[in-house]
Protein chains: 2
Amino acid sequence: MNAADTRQRILMTAMELFWEKGYLSTSVADILSRSQVHSGSLYHFFPGKQDVLVGVLELYRDGIDEMLLAPNWEGVDDPIDKIFALLAGYRTHLIVTDCTYGCPIGSLALEIHEPDPVVRDLMAANFTGWSTAIAGCFDAAADRLPKGADRKALGEFVLTVMEGAVMQARTYRDIGYFDRNIAVLRDYITTLMATAKDDSFA
Amino acid sequence: MNAADTRQRILMTAMELFWEKGYLSTSVADILSRSQVHSGSLYHFFPGKQDVLVGVLELYRDGIDEMLLAPNWEGVDDPIDKIFALLAGYRTHLIVTDCTYGCPIGSLALEIHEPDPVVRDLMAANFTGWSTAIAGCFDAAADRLPKGADRKALGEFVLTVMEGAVMQARTYRDIGYFDRNIAVLRDYITTLMATAKDDSFA
DNA sequence: GGCTTGGTTGAATGTTCAATCAACTCATCT
DNA sequence: AGATGAGTTGATTGAACATTCAACCAAGCC
């Protein structure tokens, strides 16, 4: 096993564990035993536990297109459909995990109360990547939306709804909370598009 | 200091600390030193740290009307205004804390990955209390909403938006993220009411 | 006065934690 | 061949952690 392998194995394992148990509840020993790496090797690549978190957040940030968007948008062309296809991906995660799934970034954002600036910036960058992608969908469908629509704010709003919907479904262990939230969002976006249609006749 | 005082002091201190640092990052020693209570006394009233959390969650649940809703709804009569008055209360918290504030229940919900059923039920009960209060506002304004509107789902949706808006404002340390999210929500509710008006003419 | 009960004190326990480090392996370069 | 240095090993360290407990106190009752 070469150096790149070890570093990568640590990051992948930490990604898994942070997602399963959260950052605080994951001990360095947990990472070591699951990744079959020895403590000295981990500390050779990372100054400390927090630097492993930084590495994981960088992986998320850099992998958003290939690992998150592309899989969910395969065969989906309509930009509005893309938004709900992405949300459907989160729904699948919830179903598969018996409503135990949590958005890894959202969980970290609420779990770490006094984040180091480096960590906070990376969490923010992850949010920005997500909501910018959604805003891009709204941009692509701009002709179907009201003229003055703040499409960046809409992107942030969809992120908000996803995070809140996942949070509630997870807390209640009931997918109904996710579905109802998404249904309301869908109603809003539908209404927005209907409004835009009316405008064009005015 | 009598027994009730000690128990209360522990709970109040724990409430503060869980809000400031989160549950996992608050040590029993933190609670002891700030509350000026000795470990034996704490363990006389609570079997363990988690039971202190249970006590805190019960306080939140039982205090929602007096401690959360009443202060924000003073002098506000219109039920739709009440919704945004409550959200404005969260905005004030964010401003006062330099966008460091987090909803205590939301934070706990995402921080504790494998909650004891007792804890999970209490977090859910807190969410339900909140969204039910908002649903009550929508009920009171039912005549201004579309006939078929799912007012329970709308209550959950407002909770979702609050949690997501707080999460983003906190992560970016920028109140703009909160404001834009609430603006979009306001646009939606306004649109809903406008739609209802149209309906009445149809 | 003595006994009971509810509460207090704080040192001590055993565990878990992140982090360290001296000793090592082994491919690569001169 | 010998030197170099990136990478590995795992026992060890010291701090922090939740929890325990024997001793103690004081108000109320017999």
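Protein chains get the first letters and strands the later ones, always in sequence-line order, with residue 1 at the start of each. Worth saying up front: this structure is predicted, and the values here are computed from it rather than measured.
At whole-Å resolution of the value, CD1 in A:I10 and C1' in D:dT8 are 11 Å apart. Taking atom CG of A:D51 as the reference point, atom C1' of C:dA18 lies 12 Å away to the nearest angstrom. A straight line from CG of A:L32 to C1' of C:dC17 spans 12 Å, rounded to a whole angstrom. Between the CD atom of A:Q50 and the C1' atom of C:dC17 there is a distance of 16 Å, rounded to whole Å. Here the P atom of nucleotide C:dC17 and the CG atom of B:L24 are 12 Å apart, to the nearest Å. Between the P atom of C:dA19 and the CZ atom of A:F45 lies a distance of 17 Å, rounded to the nearest Å. Rounded to an integer number of Å, the gap from A:K21 NZ to C:dT16 P is 12 Å. We find that CZ of B:F46 is positioned 15 Å from P of D:dT20, with the value rounded to whole Å.
Under a cutoff of 6.0 Å and an axis angle of 45°, A:K152 and B:Y177 form a cation-pi pair.
Within the structure, every side-chain polar atom (N or O) of A:Y43 is placed at least 4.0 Å from both OP1 and OP2 of C:dT20. Look at B:H38 and you'll find a side-chain N or O under 4.0 angstrom from OP1 or OP2 of C:dG10. Put simply, B:H44 has no side-chain N or O that comes within less than 4.0 Å of OP1 or OP2 on C:dT8. Within the 4.0 Å cut-off from OP1 or OP2 of C:dT8, at least one side-chain nitrogen or oxygen of B:T6 is found.
The two atoms that bring B:R120 and A:T171 nearest to each other are NH1-O, 3.0 Å, heavy atoms only. When all heavy atoms of A:F178 and A:A165 are compared, the closest pair comes out as CD1-CB, 3.6 Å. Between A:I134 and A:L86 the shortest heavy-atom distance is CD1-CD2, 3.8 Å.
At a cut-off of 3.5 angstrom, the base of C:dA11 holds at least one donor-acceptor pair with the side chain of B:S39.
Closest to the side chain of A:S27, out of D:dT8, C:dC17, D:dA18, is C:dC17. Of the candidates C:dA19, D:dT19, D:dT8, the closest approach to any side-chain atom of A:K49 belongs to C:dA19.
Between A:V28 and A:S41, the residue anchored closer to the 5' end of DNA chain C is A:V28, taking for each the nucleotide with the nearest heavy atom.
In this structure, CZ on A:R186 lies 13.5 Å from CG on A:N181, to the nearest 0.5 angstrom.
Residue contacts for B:T26: at a heavy-atom cut-off of 4.0 Å it reaches the sugar-phosphate backbone alone, with no base atom in range.
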